[in-house]
Amino acid sequence: MKNNIRVERAIKNITQADLADAVGVSRQTINTIESNKYVPSTVLALKISRVFGKALEEIFMLEEGD
Amino acid sequence: MKTKYLFPAWAKYLGALLATPGFILGYLVVYQNYSIPGFELRLRGTSTLFLSAVENFTNELALTLVVAGLLLVAFSRTKKEDELTAKIRLNSLYWAILVNYILYACLTLLAFIGYQLKSTSLNKFIDDLTNNLEYTVYNFFVPLLIFIGRFYFLLYRNKNEFDIKQVHYLPYKPYRQIGKWVSIVIMFVVVANEAFNWSNALSNLFWLLPLSLLLWIFSTEKTEDEYINATRLDAMQVAVYVNYAILLLSNWLVYGIGFLYIQLVNMVTIPLIFIGWFYYRVYRISRQTEVKSI
């Protein structure tokens with residue numbers, strides 16, 4: 001699974017730490033998700049998309065092979 | 001996925017404060033035969049061959065300090081506990097148990113080779129380690145030490161992101177079947193042998209039990225999905241908790257030769273409790289889905 005959290009953050013102009021605080025995780029966790037090394041739980045994914053005010057599929061998408 | 005049953009973040013420091021004097025005291029007890037003068041109670045009227053009348057509690061105190069301290073360090077929250085740190089914690093725990101038993105396997109193999117080759121230097125090395133079953137004493141806390149090392153290494157190796165290492169499992173076929181049936185046969189033979197006193201050689205089979213249990217718990221289910229995997233990791237935490245709770249209790253309640261048995265059984269309690277709890281959970285899940293599908 002990949003995501004475009006980094007792009008969305010740039011649009012909204014918030015840092016990883018801001019996003020981390022908003023969804024209640026650590027900054028390292030956001031970074032690990034952004035670099036596609038960790039697939040967040042559904043709860044966390046929904047929280048993140050709510051911060052950006054977008055639908056889940058606009059931020060997280062399946063990759064070839066998932 | 002939040003890890004349940006964790007201590008608050010400050011417990012880490014308390015744990016370190018307990019474990020450090022515990023290790024020093026433990027070293028003095030095991031290698032210098034030290035005991036705190038007067039720290040004893042008269043428990044029985046007369047001494048027997050296996051149980052002395054007066055019990056000194058220095059070794060109990062050392063073990064309690066070490067185990068309780070390490071438990072606090074191992075299972076306290078990280079500064080910002082979230083689902084990823086929880087995942088890393090459980091993965092590290094599974095990994096630590098694996099490494100612990102692989103170390104044990106190497107030791108067993110070395111002992112066997114040394115015995116076959118009659119190599120004096122190798123046998124001397126093994127004897128030093130196995131003298132008075134000292135390595136079963138190590139087994140009380142080495143899994144925790146490996147886990148703590150692994151967990152904090154993965155958390156702090158990289159400042160910016162966490163290092164996630166997946167746990168790799170053996171395939172269901174044939175390892176699950178081999179592990180399961182060999183374990184069951186060994187347990188049956190060892191228990192029956194204790195009861196009927198068949199032969200001394202058979203009781204040595206016990207030393208293979210940790211290894212067959214290792215195969216059992218490190219091979220996947222027939223359908224190993226996300227949920228089964230999460231259940232598996234949770235069950236390992238429960239197993240470690242229950243194991244150490246029993247150990248701390250028996251440490252204060254069982255003495256002399258009785259505690260030697262506890263030391264032996266402790267070699268296999270983590271995998272055994274794990275298997276019991278894991279299959280209980282999987283059974284519960286399968287029951288639930290059946291009911292809902294009606």
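The OG1 atom of A/Thr29 sits 7.0 Å away from atom CD1 of B/Ile88, with the distance rounded to the nearest 0.5 Å.
For the set A/Val25, A/Val23, A/Leu44, the count of heavy-atom pairs under 4.5 angstrom toward chain B peaks at A/Val25.
Atom CD of B/Glu226 has 12 or fewer heavy atoms from other residues, nucleotides or ligands within 6.0 Å. Within 6.0 Å of the CZ atom in A/Arg50, the count of heavy atoms belonging to other residues, nucleotides or ligands does not exceed 12. Taking a 6.0 Å sphere around OH of B/Tyr279, one finds it holds more than 12 heavy atoms contributed by other residues, nucleotides or ligands. No more than 12 heavy atoms of other residues, nucleotides or ligands lie within 6.0 Å of OH in B/Tyr227, so this atom counts as exposed by the packing criterion. Other residues, nucleotides and ligands contribute at most 12 non-hydrogen atoms within 6.0 Å of the OH atom of B/Tyr175.
Shortest non-hydrogen contact noted between B/Phe162 and A/Thr32 is N-OG1, 3.0 Å. Scanning both residues, B/Glu161 and A/Ser35, for their nearest heavy atoms gives OE1-OG, 3.0 Å.
Between B/Asn160 and the options A/Gln16, A/Arg27, A/Gln28, a side-chain contact (heavy atoms from CB on, under 4.5 Å) holds for only A/Arg27.
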